[in-house]
Structure formats: C-alpha cells, structure tokens
Amino acid sequence: MKRLLLNTLLLPVAAFSTGLLLVSLLFPSVALAADAEFTLVIKDHKFQPTEITVPSGKKIRLRIENQDATPEEFESNVLNREKVIAGNGKATLYIGPLEPGRYKFFGEFNKDTAYGEIVVQ
Amino acid sequence: MFATAIIVFREVLEAAIIIGILAAATRNIPGSKRWLAAGLLAGLIGSGVVAGFTDVIGEFASGMGQELFNAIVLSLAVMMLAWHNIWMSSHGAALAANAKSLGRNISDGTSECSALLVIVGLAVLREGSETVLFLYGIAASDNGNQSSMLLGGMTGLLAGVVVGYTVFAGLLRIPMRWFFSITGLLVLLLAAGMASQTAHYLIQADLLPSLATPLWDTSALLPESGLPGMLLHSLVGYDSRPAGMQLVFYLTALIAIVTGMRWAGAQRQSAKATKQPG
C-alpha cells in the first residue's frame with residue numbers, strides 16, 4: 001500500500017519531466033532564427049580563430065567544428081560551459097546574454113595548445 | 001601527466017562520492033553491496049558504449065543531443081535519489097534496528113536495491129563516458145608521451161577512488177543515532193545539486209531561460225577548478241557562477257524531496273499508532 005502511494009507520487013513527476021523534454025525536443029527551432037551565430041574550428045588541437053567578437057546583451061549560438069580525429073571538450077570557466085565534441089564532429093551550444101568583456105575558453109583535452117577568447121562588445 | 005591526472009580525477013570524483021555515500025547509507029540493506037557493484041559494472045560498460053556513440057548522440061536534436069542526454073540522465077538520477085530518501089524515511093527505523101540483528105530481511109528491499117543499481121549506473125555512465133573519450137584521445141594521438149599520460153590517468157582514477165572510499169569510511173564512523181539523518185541529508189543535497197545541473201544543461205541547449213547569468217560570482221573566492229570547490233560541487237552541487245534557473249531547480253528538488261520524506265515519515269508513525277493502540 002505504502003509503495004503504491006509512493007509510486008503514484010513519483011509517477012506524475014516522471015511524466016512531467018519526460019513531457020517537458022519531449023516538448024522542448026519538438027520545438028527547438030522556434031528561437032533559433034533570432035540568435036546571432038558564430039563558428040569555431042578545431043584543427044591540430046587549436047581553435048581557429050582564437051578570438052571572436054560577439055555583441056553584448058544577446059544570446060549567442062556557438063557552433064564548433066572539430067576537424068581533428070580525436071575528441072575535444074570545449075570548456076570555459078567564465079562562461080560556465082563545457083561540451084564534448086567528437087572527433088570529426090560538430091557541436092552547438094548557447095552562451096549569453098553577456099556583459100561586455102573578455103571571456104576565456106579552452107580545450108580541456110589539449111589545454112596546452114587549444115585556447116582562445118570571446119570578446120563581447 | 002599531472003594535467004591528465006587532474007582531468008581524470010575531476011571526472012571520477014563525482015561518481016566516487018555518490019557511490020561512497022550510497023554504500024554507507026545502505027550498509028544495512030542485505031545484498032546492497034552486490035547491487036552497487038552491478039551498477040558500477042553496468043555504468044562502466046555503458047560509458048564505453050556512450051563514448052563510442054558520442055557523435056551520434058551529439059548530432060541528435062539539432063546538435064543538442066549531448067545536453068539532452070545529460071539532462072535526462074541527471075533527472076532520472078534525481079528521481080531515483082528522491083525515491084531512495086523517501087524509502088529510507090519509512091524504513092530507517094527498521095534498518096537502524098537491523099544493525100543489531102544482522103541479516104533480518106527488510107520488506108521492499110529488492111526495489112530499493114534496484115534503485116541503487118540505477119543511480120550508480122547513471123553516475124558512472126555520465127562521468128565515465130567523458131573519461132573514456134579523453135583517454136581514447138590520448139591513446140590515438142601521436143605525441144610520444146602516451147604512457148606518461150596514461151599513467152597520469154590511472155593516478156587520477158586512483159585518487160578519485162580514494163576520496164570515494166574516504167567518504168564511505170568516514171560516514172561509517174558516525175554513531176547510529178545520527179547516521180541516517182546525516183546520510184539522508186547528503187543524499188538530499190546530492191539530488192538537489194543534480195537538479196541544478198539538469199537546469200544548467202537545458203540552458204546550454206537553449207531549452208530553458210537562464211533567468212539571470214550569473215546569479216552570483218564566487219569564482220575568485222572559491223573556484224570550481226580548485227579542490228574545495230570541486231568537492232563542494234560534487235557533494236552539494238556548488239556552482240561558482242550559477243544561472244537563476246539553476247537555483248530554482250535546486251530549491252524545487254529540495255522542497256519536493258523533503259515534503260516526500262516528511263509524508264513518508266508521517267505514514268510510518270500513523271501505521272505504528274494503529275498497530276499498537278494505547
């Protein structure tokens with residue numbers, strides 16, 4: 001009996017969160033058109049370009065293309081972002097809206113060579 | 001080699017802490033260790049599979065597959081941890097008594113143990129797949145110092161396991177009177193921290209508004225790259241630059257689980273009252 005009650009308590013929570021994810025899966029493109037998009041390329045464990053300038057106060061769609069055969073993790077402490085990009089893979093992530101300033105990022109898997117900055121103006 | 005050790009340590013730490021806390025919290029449930037070990041094994045196998053399909057997962061949902069995958073894994077773990085804690089509030093007394101008479105069977109023990117398997121499996125899966133990718137990257141690169149880097153990876157792995165074991169051994173030293181309150185609180189904070197991370201991934205995928213970025217910035221005071229920040233991140237979900245939405249998720253999970261625990265505790269009390277009138 002007690003278990004049944006517990007299960008009925010958890011079920012709506014599970015259903016709700018699954019529903020939330022499904023809805024967001026179906027309508028991911030609604031907001032895309034308005035966002036500014038920028039692209040970074042990873043080659044020979046380096047980011048190209050090493051510096052990109054983006055507008056302040058706007059949500060930024062950042063595309064990262066990994067042209068190396070090995071995976072890389074885009075990471076930025078300042079931006080509070082991390083994302084693994086498969087070897088020869090592509091990834092997209094959102095940052096901002098940001099205040100003007102310089103925001104460092106790096107490739108966690110190849111810290112010595114892979115780094116750069118996002119300049120927000 | 002040192003850098004490699006740190007990266008692997010960071011990935012292993014969170015899973016190790018979760019396993020350490022759960023192993024301690026369920027020490028009186030018969031067979032719990034076996035279920036934990038099975039969860040670990042399933043998680044390790046899953047890590048390899050997920051790492052192998054990184055590009056497939058990543059391309060899914062217009063490039064947001066990784067965030068969605070992480071968000072789903074984390075929210076499942078939150079639900080399982082919630083279930084575990086609510087279960088403990090109705091069986092805690094029986095388990096404390098069980099400490100004296102070992103081997104007595106607890107009703108419902110199997111469903112509780114399968115929740116353990118899922119939690120451990122998911123924790124290992126999420127952190128493990130990144131470690132596998134990282135180590136694969138080292139093995140596949142041709143910069144000549146693979147062996148030293150792999151040694152670093154092993155060092156990081158070992159250090160993570162040591163921390164997890166320390167958490168486990170430390171918790172076992174707590175007197176029985178306080179034991180379940182403390183492990184319950186730790187599991188509660190673990191779950192809330194994971195709920196906050198779920199929000200973090202959904203914001204990164206632009207599926208949730210951030211509300212405020214960041215809500216506060218304590219990165220100069222207590223950076224997440226340092227050991228204290230790292231430990232706090234794994235234990236209570238500390239974030240040096242959280243978005244407002246993360247705090248909303250954190251508090252919602254906290255309140256929901258505490259309410260569930262109170263409710264389950266009250267059920268036990270009333271069940272006891274009807275069983276023993278007067």
Q: Please step through salt bridge (Lys or Arg N to Asp or Glu O under 4.0 Å) for the pair B:Arg10 and A:Glu108, ending with a clear verdict.
A: CA-CA 12 Å; B:Arg10 225 187 62 165; A:Glu108 161 105 68; 3.2 Å; yes
Q: Might you confirm whether atom CZ of A:Arg63 has over 12 heavy atoms from other residues, nucleotides or ligands at distances under 6.0 Å?
A: yes
Q: Under 4.5 Å, counting heavy-atom pairs only, tell me which of A:Asn80, A:Leu98, A:Ile85, A:Leu79 racks up the most with chain B.
A: A:Asn80
Q) Among A:Asp68, A:Asn77, A:Val78, A:Leu62, which has the most heavy-atom pairs under 4.5 Å with chain B? A) A:Val78
**Q.** Residue B:Tyr136 excluded, over 12 heavy atoms near OH under 6.0 Å
**A.** no
Q) Side chain, backbone, both or neither: which part of B:Glu224 has an atom under 4.5 Å from a heavy atom of chain A? A) neither
Q | Residue pair B:Glu67 / A:Leu93: nearest heavy atoms and the distance that separates them | A | OE2-CB, 4.2 Å
Q.
Can you tell me which portion of B:Asp217 sits under 4.5 Å from chain A's heavy atoms? Options are side chain, backbone, both or neither.
A. neither
Q) How long is the span from the CG atom in A:Asn110 to the CD1 atom in B:Ile138, to the nearest 0.5 Å? A) 9.0 Å
Q) Got a second to check how far B:Glu130's CD is from A:Glu73's CD, nearest 0.5 Å? A) 4.5 Å
(Q) Taking A:Lys83's backbone N and O only, do any of them form a donor-acceptor pair with B:Gln66's side chain (distance below 3.5 Å, no angle check)? (A) no
Q) Can you find a pair of side-chain heavy atoms, one from A:Arg61 and one from B:Asp206, that are under 4.5 Å apart? A) no
Q: Could you look at B:Ile203 and say if it's the side chain, the backbone, both or neither that has a heavy atom under 4.5 Å from chain A?
A: both
Q: Can you measure from CD (B:Gln204) to CZ (A:Arg81) and round to the nearest 0.5 angstrom?
A: 5.0 Å
Q | side-chain contact (heavy atoms from CB on, under 4.5 Å) against B:Asp55, all qualifying residues, sequence neighbours excluded | A | A:Ala86
Q | Residue B:Ala205 versus chain A: region with a heavy atom under 4.5 Å | A | backbone
Q. If you measure from CG on B:Leu208 to OH on A:Tyr94, what distance do you get to the nearest 0.5 Å?
A. 13.5 Å
Q: For A:Pro71 and B:Gly137, work out which heavy atoms get closest and say how close.
A: CD-CA, 4.2 Å
Q.
I'd like to know which of A:His45, A:Glu75, A:Glu72 tops the heavy-atom pair count under 4.5 Å against chain B.
A. A:Glu75
Q.
For chain B, which candidate among A:Glu82, A:Lys111, A:Glu99 shows the most heavy-atom pairs at distances under 4.5 Å?
A. A:Glu82
Q) Atom CG of B:Leu135 and atom CZ of A:Phe109: how far apart are they, to the nearest 0.5 Å? A) 8.5 Å
